[in-house]
Protein chains: 2
Amino acid sequence: MASCLIGRQLSLCVQKNLWLSAAGCRYVSKAAAKTQVEYDYDGPLMKTTVPGPRSQELTKQLGDIQNVGAVNFFCNYEDSRGNYLVDVDGNRMLDIYTQISSIPIGYNHPALLKLMTNPNNLSTFVNRPALGILPPENFPDKITESLLSIAPSGMTRVQTMACGSCSNENAFKSIFIWYRNKERGHNTPSEEELTSCMTNQAPGCPDLSILSFMGGFHGRTLGCLATTHSKVIHKLDMPSFDWPVAPFPRLKYPLEEFSQENAQEEARCLEEVEDLIVKWRQKGKPVAGIIIEPIQAEGGDNHASPDFFRNLRNISRKHGCAFHVDEIQTGGGCTGKFWAHEHWGMDDPAEIVSFSKKLLTGGYYQKEELQADKPYRIFNTWMGDPSKNLFLVEVLNVIRRENLLEEVTRSGKALLNGLYELQAQYPGLLSRARGLGTFCAIDVRDAATRDRLLLQARDKGMLLGGCGDQSIRFRPALVFKEYHVHIFLNIFNNVLAQNK
Amino acid sequence: MASCLIGRQLSLCVQKNLWLSAAGCRYVSKAAAKTQVEYDYDGPLMKTTVPGPRSQELTKQLGDIQNVGAVNFFCNYEDSRGNYLVDVDGNRMLDIYTQISSIPIGYNHPALLKLMTNPNNLSTFVNRPALGILPPENFPDKITESLLSIAPSGMTRVQTMACGSCSNENAFKSIFIWYRNKERGHNTPSEEELTSCMTNQAPGCPDLSILSFMGGFHGRTLGCLATTHSKVIHKLDMPSFDWPVAPFPRLKYPLEEFSQENAQEEARCLEEVEDLIVKWRQKGKPVAGIIIEPIQAEGGDNHASPDFFRNLRNISRKHGCAFHVDEIQTGGGCTGKFWAHEHWGMDDPAEIVSFSKKLLTGGYYQKEELQADKPYRIFNTWMGDPSKNLFLVEVLNVIRRENLLEEVTRSGKALLNGLYELQAQYPGLLSRARGLGTFCAIDVRDAATRDRLLLQARDKGMLLGGCGDQSIRFRPALVFKEYHVHIFLNIFNNVLAQNK
């Protein structure tokens, strides 16, 4: 029903030649948007509504095996290139969501394909080691060349993990070990601790907590989930920990008009953080760590000022809690700096920084003192996957060689300016345009309209994602250039014009 | 210090030509143990003690980045073949531990290398999709060809995940969703549930529990860890859930001598399970699921009879708890059947069976009614990795083509008989030889002796792992043939002779 509607609108749109010339022609035409990168396509190309017949057929087939309620469509990854994702019905879409923000340099980047054809790399893919006990010869070099070369300020140690949730879970464990040893004053547990921990009881399994923020998202395994507060769908029916949840500032836009109110809002949240730390200590569940995203992503692209984060960092120091910055979605260059927390301008930003997605491997950096005191306390069979690390080395080479962080800053500026213009043009529809680099978002009137816009944009060859209750999030790859921004703005403007 | 000692023993051993002829010459000689598989080596070859100088150097280098306390040595995976792991000092070891039981068909299997050189497969490695929303075209086919072709009895649905812990965490979540909907009688949560869950509180985050067994191991993320009770090192300092822990039968060996006592022991444990289910229900923390390994692996290779499991399955039915069989270590063919629970001979063995390790991808099978009622309730960015599934298809082809399950049964019999002989020969040193297929274990006098034996065996070119307090576990690949068993027994006999 919805796709019929969109199909009709698409043909209308094509008839009126809205495809190439946006209402008002403010943006460059498709012809001008010639690709600079050989392997990229030169624009979207739609053959059916999405999902097309082949996608629907495959969804039905997979439906006998899994819940397919979240499946958008099926992809032809072989034919996808750069910023364009091709589906199984031959539709080619400009991808501004990139597999939930996890494709760093576009599809089928030649550098990554080349890596695959190097026979020296084969064995890394074929023989997955138990990294914690039997690492491959090149592991220290590769990890130095990749992850350590982009280590956040003050962090000398890094641990790889398989995914974002595992990274946060193990980071929490590092925090708990560190905190308990600090409480003890030594690292020799009592006999009672050794016995009680085996049946999940205190004092061996102490009532420590991690403070998190309303709207935050840190993963969906039970430990992570106790710090995730973005949507009911993640939380309902899951046993959890009684851990404190602080309010995250809800800033008013445009920022320059509400500077005083926003400063008050941030102060209120910080005060609440301190109150909660004291309250949970009194409850006998001391806050061992604070976890926060530099920009709450899944929760709605909620920003706070660098001052807020600097003050929060100070609160963590004052109360002896580890400060854990979750850069799983914000890390990897999309904000114009490799880590979003670099925008805070601090030498000592955190005790722990976790990553995944665009880094291709999960894991976390930590300060020396956070490293577990004994082997096997932070451990699992695979401890990551060196084949992902191989790709990461190459991704970082490309980022440096092609100055992609500068490109992101440039594209991000164009994107945000375009969003400002659009919200000025459609004030009843759009508001709160915001972003750092290409990590941008805009709010739509309501959830239903947001969802409709996403589907209409998709049928016009543009993949976007939602976040929070009524936001659209932009998560292009780092190879998303200014001319891609203009392609997007052209198409999006058309969609908006239909929804005035 | 320890390695000096072992070095001295090694040279003594070589001088005495113990290497080739075991005391008593009961087993076939190295010459007879000619390889049947082209890509395999024909025996261990040691050049240094382990870790050798190059491994030590690399360990030092990695030590600046990570805790390396668990690192055994560094590997040359390029030169490793079949059952033999080669280290960076050129030592070639018969691998009976296989990366904590996670290498299914040996190192650098030609079938897997070939897969890597097929250009059609490149894009699967280079473009990791968000499987839950944008699966690749071949995903339904590949998952049908691989995971569904080995689905446990009664299970039609399978969900891939990145690793073992994620598999169990998400399986628990499936159980909780199913259980709450059962309690509700419908799947529409109340307003109070929707609100309270956002801050981790009941009724939205209910006090449900998972019953597990002392000695069990189900992973190390906080949810999994609440069901893991094998070793202090995993548990200490970690906040946990107040979930019930039942005793796992402690069988006496040889089984045929203690059949009555063992039956009583199993009955006692089952009774305790029922008591705990009732007690936790009264506490307001009902048991939504029971998780158990068919053989407790990490906890010491503890077995129970098929009757025990059948009765436990009935208890789970009687009390409306989901039965979750964790086959992460036991699955994949090493017991001589693809799943260890097949030895119980049941049509309806469980609600959920989780896997990882030898399956190369994590995940779990579930019965139709366990599947989450809505999309995004069981979700994460990657939901597994289709490149691992590609390998699995090929691994299953090899298992079928080479009749590896039969081979495992044959090798396993030879291995267990050899262990029986050895424990008869060294009664003060070894006891409780046990196993299914090549998934075997034997107890050593005490932990210190066990650890010493492992190191001595390693220096003679044989990689073994420990488990529990004083057991050695055997976890060869499925290509571990009878003649590999004899190579092992030869060398191990030498080691034992030194430790009488």
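Below, read A as the first sequence line, B as the second, and so on, with proteins coming before strands; counting in each chain starts at 1.
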Checklist entry - Is the A:F241 ring parallel, tilted or perpendicular to the B:F241 ring (thresholds 30°, 60°)? => result parallel
Turns out that what part of A:S102 lies under 4.5 Å from chain B's heavy atoms comes down to side chain
Rounded to the nearest 0.5 Å, the CG atom of A:L122 sits from the CG atom of B:L112 at a distance of 11.0 Å
message: Taking B:G63's backbone N and O only, do any of them form a donor-acceptor pair with A:R157's side chain (distance below 3.5 Å, no angle check)?
response: yes
When every non-hydrogen atom of A:L208 is compared with those of B:P239, the smallest separation belongs to O-CG, 3.6 Å
B:P375 and A:A70 have their tightest heavy-atom pair at CB-N, 3.4 Å
Step by step, work out the side chain to side chain contact (heavy atoms under 4.5 Å, CB included) result for A:T381 and B:S356.
-> CA-CA 10 Å; A:T381 298; B:S356 187; over 6 Å; no
ask   = Side-chain donor-acceptor pair under 3.5 Å between A:Q61 and B:D141, yes or no?
value = yes
Scored by heavy-atom pairs under 4.5 Å with chain B, the best of A:A162, A:S101, A:P136 is A:P136
Under 4.5 Å to a heavy atom of chain A? For B:I175 that would be neither
Here the pair of heavy atoms bringing B:L360 nearest to A:W382 is O-CH2, 3.5 Å
*Check the surroundings of atom NZ in A:K60: do more than 12 heavy atoms from other residues, nucleotides or ligands lie under 6.0 Å from it?*
no
Okay, B:L113 and chain A: the region with an atom under 4.5 Å from a heavy atom over there is both
So, the part of B:N138 with a heavy atom under 4.5 Å from chain A: the answer is neither
Applying a strict 4.5 Å limit to non-hydrogen atoms, the region of B:S230 in contact with chain A is backbone
Please check if the side chain of B:R180 supplies one atom and the backbone of A:D237 the other of a donor-acceptor pair under 3.5 Å. no
Okay, B:Q99 and chain A: the region with an atom under 4.5 Å from a heavy atom over there is both
Okay, A:Q201 and chain B: the region with an atom under 4.5 Å from a heavy atom over there is side chain
Decide yes or no for B:M238 and A:K173: does some side-chain heavy atom of the first lie under 4.5 Å from some side-chain heavy atom of the second? yes
For B:H229 and A:M198 the tightest heavy-atom approach is ND1-O, 2.8 Å
dist A:Y376:OH -> B:I233:CD1 (nearest 0.5 Å) comes out at 10.0 Å
Interface check, chain A: of B:T59, B:V88, B:V245, most non-hydrogen pairs under 4.5 Å belong to B:V88
Okay, A:N168 and chain B: the region with an atom under 4.5 Å from a heavy atom over there is neither
key: Pair B:Q159-A:N67, side-chain hydrogen bond (donor to acceptor under 3.5 Å, both in side chains): steps then yes or no   = CA-CA 9 Å; B:Q159 182 60 62; A:N67 184 323; over 6 Å; no
When the 4.5 angstrom heavy-atom criterion is applied to B:K388 and chain A, the contacting part is side chain
Honestly, the part of B:L134 sitting under 4.5 Å from a heavy atom of chain A is both
Correct closest heavy-atom pair for A:F379 and B:R220 would be O-CD, 2.7 Å
Output for pair (B:S165 OG, A:L222 CG), nearest 0.5 Å, gives 11.5 Å
If one checks every heavy atom of A:I103 against chain B at 4.5 Å, the contacting part turns out to be side chain
Just do the side-chain hydrogen bond (donor to acceptor under 3.5 Å, both in side chains) check on A:N200 and B:K235 with the steps written out, would you? CA-CA 8 Å; A:N200 304 3; B:K235 303 276 293 176; 2.6 Å; yes
Ranked by heavy-atom pairs below 4.5 Å to chain A, first place among B:G164, B:G204, B:G223 goes to B:G204
Exercise for the section: With the side chain counted from C-beta on, respond yes when A:H109 and B:V126 share a heavy-atom pair under 4.5 Å apart, and no when they do not. Expected result: no
>> Less than 4.0 angstrom from a charged side-chain N to a carboxylate O is my criterion; do B:R54 and A:E137 meet it?
In response: yes
The interface call for B:E193 against chain A, heavy-atom contacts under 4.5 Å, is both
Hey, are the side chains of A:T156 and B:I65 touching, using non-hydrogen atoms and a 4.5 Å cut-off? no
Are the side chains of A:N127 and B:S80 in contact, using a 4.5 Å heavy-atom criterion? no
Note: B:L236 and A:R377 closest approach over all heavy atoms is O-NH2, 3.1 Å
One should read off an interatomic distance between B:T221 OG1 and A:N170 CG, to the nearest 0.5 angstrom, of 8.0 Å
Applying a strict 4.5 Å limit to non-hydrogen atoms, the region of A:D373 in contact with chain B is backbone
Assert top hit (heavy-atom pairs under 4.5 Å, partner chain A, pool B:D385, B:N108, B:L58, B:L62) equals B:N108
Handout entry: Flag side-chain contact, heavy atom, 4.5 Å: A:C163 against B:C166
Key = yes
inquiry  = Side chains of B:N121 and A:M116, heavy atoms from C-beta outward: is any pair under 4.5 Å?
reply    = no
To the nearest 0.5 Å, atom SG of A:C224 lies from atom CG of B:N380 at 10.5 Å
_Using side-chain heavy atoms (C-beta onward) and a distance below 4.5 Å, is B:F73 in contact with A:P135?_
no
Interface check, chain A: of B:L147, B:L148, B:D207, B:L85, most non-hydrogen pairs under 4.5 Å belong to B:L148
Checklist entry - Are any side-chain N or O atoms of B:E78 and backbone N or O atoms of A:S123, one a donor and one an acceptor, separated by less than 3.5 Å? => result no
- prompt: So, do A:I133 and B:I100 sit near enough that their side-chain heavy atoms are less than 4.5 Å apart?
  reply: yes
Per-residue tally against chain B (heavy atom, under 4.5 Å) across A:G69, A:P129, A:G362 peaks at A:P129
Okay, B:E368 and chain A: the region with an atom under 4.5 Å from a heavy atom over there is neither
Bottom line for A:I143: the part with an atom under 4.5 Å from chain B's heavy atoms is side chain
Per ring pair (Phe, Tyr, Trp, His ring centres under 6.0 Å), B:F125 is matched among A:F125, A:Y77, A:F391 by A:F125
